[in-house]
Undergrad: 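Pasting a structure here, questions to come.
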Amino acid sequence: MSELSKKLCVPCRGGDSPLSPEEISAYLRELPDWERIEVKGVARIRKRFRFRNFREALAFTDEVGRLAEEQNHHPRIVTQWGAVAVDWWTHVIGGLHENDFIMAARCDQLLTNRDS
């Protein structure tokens with residue numbers, strides 16, 4: 001499990017700079033199956049989680065939603081039969097922040113906790 005999942009998000013007020021490509025690559029090495037994407041010129045990280053049915057996908061979506069509310073950091077979530085795609089980025093800085101990687105690690109941890 002990534003050490004990132006043990007960290008808490010720190011409020012980002014917009015004065016921070018987005019992470020550099022090198023920093024992004026370093027964080028991604030800790031997060032299997034997450035990928036860097038770009039949407040309208042803004043870097044994001046995305047992972048597609050697979051499930052056996054819609055009920056399981058919806059339950060995971062709800063867990064991610066609770067986690068997002070706890071940390072006050074909210075992703076883009078697309079839920080469909082058997083899959084959930086989660087995108088993290090920090091809107092206020094128009095790119096990626098350490099918080100996005102913390103939340104990605106915590107999403108992965110949700111499944112680890114469910115399987116144990």
Side-chain angles (χ1 to χ4, degrees):
M1 179 187 329
S2 171
E3 290 297 312
L4 285 168
S5 66
K6 296 176 184 171
K7 292 185 172 186
L8 297 176
C9 289
V10 292
C12 182
R13 303 280 182 227
D16 296 335
S17 297
L19 295 173
S20 70
E22 295 78 21
E23 291 169 314
I24 293 168
S25 293
Y27 279 120
L28 284 174
R29 283 192 287 277
E30 295 186 50
L31 298 169
D33 303 319
W34 285 88
E35 63 178 333
R36 183 196 178 279
I37 62 165
E38 201 166 295
V39 177
K40 296 182 181 177
V42 176
R44 300 180 181 189
I45 53 173
R46 175 179 290 165
K47 184 173 180 176
R48 186 174 169 94
F49 296 87
R50 303 260 182 214
F51 299 93
R52 291 180 294 200
N53 53 49
F54 186 74
R55 182 180 43 78
E56 289 182 7
L58 191 57
F60 180 73
T61 299
D62 190 46
E63 290 177 51
V64 173
R66 272 195 298 279
L67 176 63
E69 281 295 299
E70 287 172 8
Q71 295 294 307
N72 196 29
H73 191 48
H74 303 91
R76 175 181 182 270
I77 306 171
V78 177
T79 305
Q80 60 191 52
W81 191 95
V84 176
V86 180
D87 291 10
W88 291 103
W89 77 103
T90 300
H91 309 272
V92 70
I93 64 170
L96 291 166
H97 185 275
E98 182 184 47
N99 289 340
D100 302 304
F101 294 90
I102 291 169
M103 296 303 284
R106 289 176 143 218
C107 285
D108 288 344
Q109 186 181 30
L110 290 173
L111 290 182
T112 302
N113 290 346
R114 181 187 281 182
D115 294 339
S116 42

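All values below come from the heavy atoms of this structure, side chains included, with hydrogens, waters and symmetry mates left out.
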Undergrad: Write down the atom of A105, the atom of S5, and the distance for their closest heavy-atom approach.
TA: CB-N, 3.6 Å

Undergrad: If the plane angle is over 60° it's perpendicular, under 30° parallel, otherwise tilted; pick one for F51 and F60.
TA: tilted

Undergrad: Rounded to the nearest 0.5 Å, what's the gap from CG on D62 to CD1 on I77? Could you check?
TA: 9.0 Å

Undergrad: Under 4.5 Å between any side-chain heavy atoms of M103 and V64, yes or no?
TA: no

Undergrad: Do the side chains of R76 and R46 get nearer than 4.5 Å, heavy atoms only?
TA: yes

Undergrad: With side chain to side chain contact (heavy atoms under 4.5 Å, CB included) as the test, would you mind laying out the steps for D108 and K47 before giving the verdict?
TA: CA-CA 10 Å; D108 288 344; K47 184 173 180 176; 2.8 Å; yes

Undergrad: List the atom of E38, the atom of A43, and the distance in Å for their closest heavy-atom pair.
TA: CG-N, 4.2 Å

Undergrad: Mind checking whether E70 and L8 have side chains closer than 4.5 Å, heavy atoms only?
TA: no

Undergrad: Nearest 0.5 angstrom please: C9 SG to L67 CG, how far?
TA: 8.0 Å

Undergrad: Determine, stepwise, if the pair K7 / F101 fulfils side chain to side chain contact (heavy atoms under 4.5 Å, CB included).
TA: CA-CA 10 Å; K7 292 185 172 186; F101 294 90; over 6 Å; no

Undergrad: So how far is it from L96 CG to T90 OG1, rounded to the nearest 0.5 Å?
TA: 7.0 Å

Undergrad: So, taking the atom named CG in L28 and the one named CG in D33, what distance separates them when rounded to the nearest 0.5 Å?
TA: 11.0 Å

Undergrad: State the SG-CD1 distance between C12 and I93, to the nearest 0.5 angstrom.
TA: 4.5 Å

Undergrad: Working to the nearest 0.5 angstrom, can you tell me the gap between R36 CZ and I24 CD1?
TA: 5.0 Å

Undergrad: Restricting to non-hydrogen atoms, name the atom on W34 and the atom on V86 that form the minimum distance, rounded to 0.1 Å.
TA: CZ3-O, 3.5 Å

Undergrad: Donor-acceptor pair, distance only, cut-off 3.5 Å: does the side chain of E56 make one with the backbone of R52?
TA: yes

Undergrad: Between R44 (side chain) and W88 (backbone), is there a donor-acceptor pair under 3.5 Å?
TA: no

Undergrad: Under 4.0 Å between a Lys/Arg side-chain N and an Asp/Glu carboxylate O for R66 and E63?
TA: no

Undergrad: Do N72 and H74 pass the side chain to side chain contact (heavy atoms under 4.5 Å, CB included) test, and can you show the C-alpha distance, the side-chain angles, and the key distance before you say yes or no?
TA: CA-CA 6 Å; N72 196 29; H74 303 91; 3.4 Å; yes

Undergrad: If we only count heavy atoms from C-beta on, is the T61 to F49 side-chain gap below 4.5 Å?
TA: no

Undergrad: R48 versus V78: any side-chain heavy-atom pair under 4.5 Å?
TA: no

Undergrad: Evaluate V10 against H97 for side chain to side chain contact (heavy atoms under 4.5 Å, CB included), listing each step before the verdict.
TA: CA-CA 10 Å; V10 292; H97 185 275; 4.2 Å; yes

Undergrad: Tell me the closest heavy-atom pair linking D87 and P75, and the distance in Å.
TA: O-CB, 3.1 Å

Undergrad: On a heavy-atom basis, which atom in I45 and which in A104 lie closest, and how many Å separate them?
TA: CD1-CB, 3.7 Å

Undergrad: Applying the 4.5 Å side-chain criterion to the ILVMFWY set and letting contacts propagate, would L31 and W89 be lumped into a single cluster?
TA: yes

